[in-house]
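Just below is one structure, and these are the notes that go with it.
Proteins get letters first, then strands, A, B, ... in listed order; numbering begins at 1 in each.
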Amino acid sequence: MDPFTFEIIRHKLFSVIEEAVIALENVSGSPVAAEGHDLMVALYGAEGELLMAGLGYLHHLTAAARAVQHLIKSYSEEPGIFQDDVYFFNDPYTAALHAPDVYLISPIHWQGKLTGFVANFVHVSDIGGIDPGGFCPSARECYQEGFASRGIKIVERGKLRRDVMDTILNLVRDSGMVALDLKSQMAANHTAKERMQGIYRSYGTETVETVGKELIAQSEALLRQRLKELPDGEWRAREYYDLPDKICRIELTAKKMVDSLTYDFTGTSEQSPYGINCCNWATWGALFAPIFPLLAYDMTWNEGLTRPVTMIAPEGTLVNCRRPAPVSIATLGVVQVVNNLSLIVISKMLGASQKYKDRATAIWIGARSTAKLFGLNQEGEYIGHAAAEALAGSGGARAFRDGVDVGGEIPNVVSRLANVETQELRFPQLYLYRRCVPDSGGPGKYRGGVSHEYAITPHGGASDSCKASLYPGKGIRCPHGSGIFGGYPGCHTGSVVLRDGNISEFPDGLPATSAAKQENIGWGIVELNRNDILYLRMTGGGGYGDPLERNPELVLRDVLSGLVSVQVASDVYGVIVDAGSETVNLAATNRRKQALRRRRLGGKHIAIEMATRAQVPRTASRINEYLQIAGSGKRAFVQCTWCGLKICAAGANWKEHAITWKSLPEVAGPLRDSQGLFLLMKFFCPQCGTLLDIDVVSENDGPLLDRVHIQGGEL
Amino acid sequence: MTYVIGVDIGGTFTDTVVVDDAGRAEFGKSLSTPSDFTGGILNSLAVAAERIGITTARLLEDTRLFLHSTTIAENAIVDGALAKSGLLVTRGFENTLYMMRGGYGRWSGLSDDEKKDPIYQDKPPPLVPVRMTRGIRERTDTNGRVLVRPAENEVRAAVGDLIRHGAESVGVSFLWSFRNAENENTVRRIIKQAFPGLFFSISSEIAPIMGEYERTSTVALNVGLGPMVSKYLDNLQKRLKENGFSGKMLIMQAYGGLLAAEECSSRCVGLIESGPVSGLVGTKLLGKRMSHSNVIAIDIGGTTFKVGVINEGAIEYQREPMVLRYHYALPKMDVVSLGVAGGSIVSLDTRTNMPRVGPQSAGASPGPLCYGFGGREPTLTDVDLILGYLNSEFFLGGHMKLRTEDTLRTFKKKIADPLGMDVMQAAGAISRLANSLIYDLLHKVTVSRGLDPREYMLFSYGGTAGMHAADIAEELGVKGVVIPHSASVHGAFGLVSADVIYEDQYTQPMQVPVKPAEINSIFARLTDRVKAQLKSSDFVEDNILVRRSIDMRFRRQVHLVTTPVETAGDLDETELAGINELFISLYQNRYGKDSAFREAGIELVTFRVRGVGLLRKPESRGEPRGPAVPDRAFLGTRQAYFKKARRSLEARTYDYVKLHPGNRIEGPAIIWTPITTIVVNPGQKAFCDSYKNILITWSARGLNGNG
């Protein structure tokens with residue numbers, strides 16, 4: 001294959017997907033798909049292998065591959081896969097993430113021969129579950145979550161199966177919108193198919209197939225090469241899921257050896273009676289979503305990237321549930337937890353590499369509180385509305401810069417927030433405010449991106465009330481926006497119903513709101529009546545590094561922009577801002593920072609030069625932002641790169657030799673009330689008091705133990 | 001004799017077209033003078049005046065209309081030279097601009113490859129920082145009902161506070177103001193009264209469209225540009241007056257029409273990208289004269305690549321306009337900027353050895369290797385040189401010696417050797433790859449918008465385009481290629497092809513069936529307003545055209561399609577039904593046969609009226625055709641690489657300046673013009689028409705080569 005034809009076809013394959021996405025958006029009526037990019041289109045080979053991925057929700061790429069493979073295996077003979085068929089597929093226990101994320105899968109034929117597939121997903125408006133909108137907080141088993149098809153032809157040899165379509169539409173609420181969703185999906189597949197056939201016509205199927213195979217081999221080789229460049233080791237991450245009656249754990253150990261990566265979820269809690277669970281393929285997709293943009297940002301996203309990775313997900317747990325566990329909230333539930341865990345272990349691995357350390361990032365938008373609204377529009381029709389707010393995001397802090405404020409997310413690198421005016425037009429509601437949340441970004445040397453909050457009230461519909469379905473219920477008491485290498489977590493989510501509020505005063509934030517009754521509720525169906533207010537807040541991005549290291553000028557900028565309060569500037573960053581003169585009081589700041597360092601060491605005297613980073617010679621074996629392995633052989637030791645202190649022998653667990661404090665999450669700022677259930681376990685250098693790392697822990701859980709191997713063996 | 005002058009300031013050159021009463025056009029060209037653009041304008045005018053045979057002063061004295069387009073708005077944004085501004089917004093929504101619709105502000109404007117790497121992405125700094133934004137307690141709802149009115153004392157205090165913090169201008173953007181401007185109008189009245197002389201804009205006037213982020217961003221750009229643009233226009237008027245000009249100055253707007261300079265000062269955001277739009281407007285007139293109502297216009301220079309499409313004589317509007325990663329919402333003619341140009345760097349992927357063209361560009365500085373300005377990486381222009389297309393004697397008027405030896409050496413070392421190919425093969429393959437990228441981009445702006453390239457002519461502008469156009473055109477399957485005679489003063493020619501246009505619009509979503517009376521009263525109000533504006537610019541009823549349209553959609557779908565109202569006067573039920581039918585067919589043409597969601601019903605959203613004040617256009621005066629054989633222009637033969645043959649062939653070469661109407665040239669051939677190099681491939685034929693436009697056709701598909 002000459003490299004030019006190769007490059008031309010590679011580019012054309014990507015263009016096919018882009019054009020299909022445009023076709024989907026053009027037809028769609030879904031504000032989250034068309035305005036928020038909550039969608040995905042990808043090309044698959046004749047055997048169902050992922051050939052070329054588009055930009056969109058990345059966890060679907062591998063899941064849809066699985067769905068295509070299922071069709072090939074089960075239906076090739078009976079009823080057969082023919083030219084211009086379109087299959088409808090949405091069964092989570094076979095491949096989909098949850099039932100409302102419908103895959104439409106079209107075989108692509110050329111001169112009578114099956115040459116590949118195109119598949120896409122959108123979250124359809126409803127799928128017939130116990131609660132409207134596809135997310136079912138009331139369901140306790142999957143059979144209450146709507147219908148799930150393991151593959152049925154909705155179009156057969158180019159003709160719409162009206163019987164099938166009618167059956168589907170008869171099973172759902174707001175069938176008009178669901179019909180439109182399916183129509184937009186068909187348009188995308190149709191466009192992709194036509195464009196692929198054009199490419200076959202110009203280059204021949206064999207050439208295209210060869211390019212596909214080579215691209216897959218190339219991506220695999222490139223990812224393996226990248227893994228080789230990174231240190232071997234084991235990195236751990238843990239998140240808690242704070243359910244109404246129970247706290248669950250999701251545990252991950254990532255093991256990187258030479259050019260392969262193993263994700264082991266052993267230790268994860270058993271499956272839940274609430275619909276947050278992941279089936280096996282949802283977890284598999286969720287762990288890849290961060291791998292694509294964080295490790296494979298310069299590679300073609302295809303099947304090849306999955307080959308160096310293996311997963312151990314014990315059956316019957318939150319990450320590999322068994323029927324009849326409900327899964328309808330998986331995408332905002334455990335899928336996002338797995339996204340977070342995967343991001344953290346990758347970041348820890350990148351942070352241990354001299355070459356890739358700048359690519360480490362704290363968690364982006366670790367949790368979100370979400371509402372789907374249902375009610376009568378102005379014309380008296382019953383409609384559902386997926387608020388686009390969950391797509392706003394908040395960026396995790398990076399090794400070289402702050403997280404992007406309200407900056408989107410990693411699993412869908414091109415998501416975006418819809419305008420308030422569009423939201424009000426599409427559902428009879430009035431926004432009281434939508435704004436950035438001060439102090440929501442996790443403090444650190446680089447601050448996590450701030451999140452946003454908003455409040456709505458029913459307004460202008462045929463009735464004065466509507467229903468809100470609230471989920472995924474996580475992050476209200478438990479920190480999810482973890483920082484990295486000493487960075488603090490972002491703020492918690494908020495989900496509050498205020499009864500009979502002071503609407504006529506147009507409050508512009510929670511403090512300005514008064515109401516007859518306030519209910520903190522993040523899970524379930526609530527009714528909103530005239531003058532009731534629904535308030536929702538997202539998690540801020542995690543911070544990177546010790547906040548005492550943050551440049552005081554950046555803290556001042558944040559205070560003046562209303563992103564950080566004077567209180568947090570002083571308490572967490574040790575920076576004394578004089579808001580009147582808009583300056584930093586440097587002398588007071590230096591005193592304050594020193595006092596904070598002293599407090600970290602339990603009041604012990606601390607040398608003044610510990611306030612600045614010493615010139616510690618760097619070795620080749622980095623552990624993270626503040627630690628490295630120095631010395632050699634048996635005398636190798638873990639060293640603080642801030643002050644040079646030898647913390648412990650290289651083989652020992654450094655966390656046991658650091659000064660450890662457990663504190664409430666509020667030490668990182670307001671909006672972090674854990675009701676004592678979750679604590680931050682902080683690890684400081686015993687000499688300089690630098691904050692080396694933070695683990696979020698519950699009850700008696702211990703710290704997360706990571707191991708970085710150095711050349712010549714494990715330490 | 002009186003004149004109409006069009007002057008277009010581009011990045012490098014300031015171009016002039018002067019049209020006299022008889023419709024005769026003369027061109028002028030001079031280097032732009034960024035420190036004070038009026039210098040370049042006067043120089044360029046002098047060149048044109050000399051060609052006419054009069055003095056610049058005389059030319060200006062006898063000029064009725066001075067038409068102008070300029071890049072100063074884009075430049076100010078790129079250079080960060082916007083005025084310090086303040087914003088008043090609905091309280092509770094002070095962060096709208098800062099949030100930039102979440103991730104959108106982070107990734108929009110990036111290439112597909114860049115989008116895959118979020119770690120190195122950031123939003124641009126907000127046009128107006130949160131510190132300079134004040135929330136006002138006020139609210140209007142979806143139906144345009146005012147829920148809270150702004151209090152005068154609050155507005156005065158907020159504006160005063162912004163001025164104390166250094167604001168030189170103030171923007172106002174309230175929720176749903178495009179639906180009911182009452183609250184913004186109240187604020188306007190208060191500001192005018194309390195802060196006379198302050199530059200300010202209200203969103204319902206500048207960008208009356210739905211979507212508070214884009215509307216606010218548009219206002220922010222407008223007040224950021226305002227003080228500087230008004231100063232520039234005042235100064236230009238003054239300098240022209242000093243030189244004898246006493247006519248009227250009109251400024252090109254990105255919606256494709258001219259606007260009185262005084263008006264433009266308060267709506268300066270309309271200047272953004274008005275230069276390229278002007279070029280497209282000129283192409284439209286040229287196309288019409290040549291009987292081509294479907295045109296794809298490409299302009300590929302050293303640093304930029306712009307594409308515009310004329311479909312059935314109409315130019316489409318852009319979906320999500322953006323300037324330097326800042327969004328704005330204005331009716332703006334769609335000129336798409338793409339990342340492949342002469343300066344695009346050619347490289348090999350260090351890991352896979354795969355060839356790449358761009359996305360990095362050597363730009364004008366350091367530029368391609370062959371310029372010898374210090375460029376170290378081979379570019380597409382270098383590839384064109386290696387293939388044998390470029391000629392030092394003709395390159396930029398012969399002022400630049402091209403360094404062939406150095407270029408060959410570096411290209412061999414960096415590209416050909418690692419690929420294991422000989423230099424010519426490698427260069428040919430790179431050129432093929434570049435053409436394929438351009439092909440895909442053109443495909444995206446035509447086929448994926450439902451336009452069939454086979455019905456289009458490709459008009460080629462810019463230094464780089466001439467060498468690639470004919471090749472891409474044949475693959476794309478268009479009818480043929482035109483390299484217009486006016487290509488060297490592309491933008492200025494567009495100015496003298498344009499009309500004065502005032503647009504007004506009103507957004508009020510309503511569902512079919514609607515009462516004709518309701519629509520008629522909206523249109524009557526809008527029509528009165530635009531006519532009054534045109535009449536104040538000295539147009540009489542006879543020279544005024546009114547065009548009406550309605551943005552429509554299927555209920556519950558997202559996309560709006562602007563549907564023209566093709567009848568005049570008040571509409572009745574039958575005519576309304578006709579508009580619905582037209583909408584359905586337009587929608588399906590654009591988004592596909594099965595895309596329409598008729599079951600949901602149709603919604604009328606925005607009513608638009610465009611008042612056109614007709615200006616006299618330059619006449620085309622063709623020269624009689626001479627002999628077919630272009631002997632006079634023949635320069636000799638040279639070896640050049642042709643992609644179709646995959647090898648070097650002997651090409652005949654010609655001097656464009658010496659070509660005569662009627663001349664015919666068969667490929668393989670090369671024609672050098674003062675601004676570009678035209679490559680005619682084997683099997684293609686070039687024809688010089690009566691107006692000295694070059695037409696390239698081929699026999700397989702399209703025209704039969706007889707022009």
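Contact annotation for A/E381: only side-chain heavy atoms (C-beta onward) come within less than 4.5 Å of a heavy atom of chain B. For A/Q423, no part lies near chain B; criterion is any non-hydrogen pair under 4.5 Å. Neither the backbone nor the side chain of A/M186 comes within less than 4.5 Å of any heavy atom of chain B. Both the backbone and the side chain of A/E424 come within contact range of chain B, each with at least one heavy atom under 4.5 Å from a heavy atom of that chain. Neither the backbone nor the side chain of A/D181 has a heavy atom closer than 4.5 Å to any heavy atom of chain B. Contacts of A/L432 with chain B are made by backbone atoms alone, with heavy-atom separations under 4.5 Å and no side-chain atom involved. Heavy atoms closer than 4.5 Å to chain B are found in the backbone of A/T300, but not in its side chain. For A/S394, no part sits under 4.5 Å from any heavy atom of chain B, backbone or side chain.
Counting only heavy atoms from C-beta outward, the side chains of A/H459 and B/R145 approach each other to under 4.5 Å. Proximity of B/L437 to A/H11: side-chain heavy atoms (C-beta onward) are separated by under 4.5 Å at one or more points. Counting heavy atoms from C-beta on, the side chains of A/R416 and B/W107 come closer than 4.5 Å.
Between B/F93 and A/Y454, the ring center distance fails the sub-6.0 Å criterion.
Across A/L55 and B/D112, no two heavy atoms sit closer than the pair CD1-O, 4.4 Å. Nearest heavy-atom pair across B/E212 and A/N419 is OE1-CB, 3.2 Å. Nearest heavy atom pair, residue A/D402 against residue B/D122, reads O-OD1, 4.5 Å. Nearest heavy atoms, B/D440 versus A/S15: OD2-OG, 4.0 Å.
At distances below 3.5 Å, at least one donor-acceptor pair connects side-chain atoms of B/K116 with backbone N or O atoms of A/M299. At distances below 3.5 Å, at least one donor-acceptor pair connects side-chain atoms of B/R137 with backbone N or O atoms of A/E505. In this structure, B/R91 contributes its side chain and A/Y433 its backbone to no donor-acceptor pair below 3.5 Å.
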Q) Could you walk me through whether A/R10 and B/M354 pass the side chain to side chain contact (heavy atoms under 4.5 Å, CB included) check? A) CA-CA 11 Å; A/R10 183 186 77 91; B/M354 287 293 154; over 6 Å; no
Q. A/E379 and B/R555: salt bridge (Lys or Arg N to Asp or Glu O under 4.0 Å), yes or no, with the steps?
A. CA-CA 12 Å; A/E379 288 81 37; B/R555 276 188 66 232; 3.8 Å; yes
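Residues A/R359 and B/D117 are paired through a salt bridge, judged by an N-O separation under 4.0 Å between the basic side chain and the carboxylate.
Using modelled atom types, one finds no donor on one side chain facing an acceptor on the other under 3.5 Å when comparing B/N95 with A/H452.
Interatomic distance, B/T142 OG1 to A/L425 CG, rounded to the nearest 0.5 Å: 6.5 Å.
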